Amino acid sequence: MAKKYYIKTFGCQMNVNDSEKMGGLLESMGYEKAPSPEEADVIIVNTCSVRAKPDNKAYSFIGNLKQIKRKKPEAIVAVSGCVPQKEREQILRFNHVDLVFGTFNFVRLPQLLERVKKEGRTIEILNSKIPEEERIPLIESSLENPYVAYITVQRGCNRFCTYCIVPFTRGRERSVKPQLVVEEARRLAERGVKEVHLLGQNVDFYNYEGVDLADLLYMVSEVPGIERVRFTTSHPAGFNEKIARAIRDIDKVCPYVHLPPQSGSNRILERMNRGYTREEYIEKVKMLKELVPNVALSGDFIVGFPGETEKDFEETLSLVEECVFDQGFVFEYSPRPFTKASTFEDNVPKEVKNMRLKELQDLIKRQAEERNRKRVGKVEEVLIEGFSPKGTELYGRTRDNKPVAVVGGKELIGKFVKVKITESSPFFLKGEPAAELVEVE
Ligand code: SAH
Ligand code: SF4
Ligand code: F3S
């Protein structure tokens, strides 16, 4: 019987993509996906340490695996990703963990498993890029979604925002050779993928020997079969007019930009070391919305950063009022090891952080609701990805990344369907196929 694997992933899309690659590597070794960790011979926990919450969740998940290991001692328990990259000692305290590796060497998973089998407990944490990393885009991946896939085009980060652990867990910024990105897109298209998301911590700083993100968008859009191209995460200091023009001029590039402001107060932006001002942020959004009027804007925000006053927070609210968001992820500040901000006094009380979080979320929700309401009655192109979790309706996304529940049968899965929007809520639309407009493929 084939051996089985189970991967539990915490964190960002890049981690999801790394897990897909690990799944692909295991499948090329003959492993099959297990529906639960209990049934697996290799269990991998791919961790995130960006805030205390995912970090704690990963630790409790690892802790719970002890029971499984007790019943099935031959199973291999592995921990990978951002947590061990920086805190291997804490992971090693769990005696039931057999393999620990980091963010630079997950591509070495087959060799590492061999070592566990021969030598027992294995730890390999590297601190810089390895030659195999270049091959990462070319190895097999097991796709979470058969129609929409990630391509990691840039790894690491050089910016050292004072609150952020990522530069410590992912190392220095490096871009993947454009030819490899295109080859990956081509390979994915051959497997039936129709939409690709180009991933980078600060993807608009993508640069490989002079090829920038806009150039890369042109190159990937030429791949036959790939009908939609998205990219994330943008950085307000790197986002520029050339990228906005690429969104406007290339049909396949979707009008959706995730451009996290973090704060609307210049004083806080400076303490965060973000490298732009509130005015520059607003100016860029204006430029984007002028060039691409139907663009959807999304952002991340941190509330309760050390020293954030009521006035600073009001400036964040007013930035949001001015820019108008379709989606926003609001986080309460959480001090992280190794970061500069962890030496600042975390002096905004928990209740205040929580109140600000709710107030900002409410504002974004109202903006999103209003923008979605205007879409009722319109016809939108939706890529149907599958059934919704309840299984009663289909699920897909518009070109500007809005999730839509669509009435219809499984024959529409994997198709671009013209959908008439019938209902709206802040972050969700509902619709039905505009029958005569269903595209033939
Ligand atoms: N590279 C991206 C995203 C980095 S992590 C960028 O620069 O925007 C994703 C989000 O987590 C960040 O945008 C930020 O809003 C949030 N985040 C990161 N560190 C945090 C911390 N210490 N406390 C709270 N939120 C944090
Ligand atoms: Fe973290 Fe800042 Fe780098 Fe984003 S740009 S990954 S927030 S250090
Ligand atoms: Fe988390 Fe690492 Fe991604 S810390 S957000 S998994 S880069």
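In this text the structure is predicted, and so the values were computed from the model without any measurement. Remember, it's 1-based here, ligands and their atoms both numbered in the order they're listed.
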Participant: Okay, side chain of Arg121, backbone of Leu92: is any donor-acceptor separation there less than 3.5 Å?
Facilitator: yes

Participant: So is there a nitrogen or oxygen of Tyr333 less than 3.5 Å from a nitrogen or oxygen in ligand 1?
Facilitator: no

Participant: Is it the case that the side chain of Tyr206 and the backbone of Asp215 share a donor-acceptor pair, with hydrogens and angles ignored and the cut-off at 3.5 Å?
Facilitator: no

Participant: Consider every N or O of Ser234 and every N or O of ligand 1, then say whether any pair is closer than 3.5 Å.
Facilitator: no

Participant: Do any heavy atoms of Glu332 fall under 4.0 Å from ligand 1?
Facilitator: yes

Participant: Pull out every atom of ligand 1 sitting under 4.0 Å from any heavy atom of Thr233, numbered as shown with elements.
Facilitator: 2 (C), 8 (O)

Participant: Assign the ring pair Phe61 / Phe10 to parallel, tilted or perpendicular, where the plane angle (0 to 90°) is split at 30° and 60°.
Facilitator: perpendicular

Participant: Is Lys284 salt-bridged to Asp204, cutoff N-O under 4.0 Å?
Facilitator: no

Participant: So is there a nitrogen or oxygen of Gln262 less than 3.5 Å from a nitrogen or oxygen in ligand 1?
Facilitator: yes

Participant: Specify side chain, backbone, both or neither for Phe331, according to which of its non-hydrogen atoms lie closer than 4.0 Å to ligand 1.
Facilitator: side chain

Participant: Under 4.0 Å from a heavy atom of Arg336: which atoms of ligand 1 are those, numbered in the order shown and with their elements?
Facilitator: 22 (N)

Participant: For ligand 1, which part of Asn202 has a heavy atom less than 4.0 Å away: the side chain, the backbone, both, or neither?
Facilitator: side chain

Participant: Which of the atoms of ligand 1 are close to Asp300, meaning less than 4.0 Å from one of its heavy atoms?
Facilitator: 9 (C), 10 (C), 12 (C), 13 (O), 15 (O)

Participant: Any idea which atoms of ligand 1 are less than 4.0 Å away from a heavy-atom of Pro260?
Facilitator: 8 (O)

Participant: What part of Gln201, side chain, backbone, both or neither, has a heavy atom within less than 4.0 angstrom of ligand 1?
Facilitator: both

Participant: For Thr152 and Asn17, which I'm curious about, is there any donor-acceptor pair between the side chains at under 3.5 Å?
Facilitator: yes

Participant: Does ligand 1 have an atom under 4.0 Å from some heavy atom of Arg274?
Facilitator: yes

Participant: May I ask whether Val166 has any heavy atom positioned less than 4.0 angstrom from an atom of ligand 1?
Facilitator: no

Participant: Aromatic ring centroids of His235 and Tyr276 under 6.0 Å?
Facilitator: yes

Participant: Using ring-ring contact (aromatic ring centres under 6.0 Å, His included) as the criterion, point out the one residue from Phe331, Tyr333, Phe313 that pairs with Phe305.
Facilitator: Tyr333

Participant: Between the side chains of Asn354 and Glu332, is a donor N or O closer than 3.5 angstrom to an acceptor N or O?
Facilitator: yes

Participant: Using heavy atoms and a threshold below 4.0 Å, how should the contact between Val50 and ligand 1 be classified: side chain, backbone, both, or neither?
Facilitator: both

Participant: Can you confirm whether the side chains of Glu173 and Asn158 place a donor and an acceptor under 3.5 Å from each other?
Facilitator: no

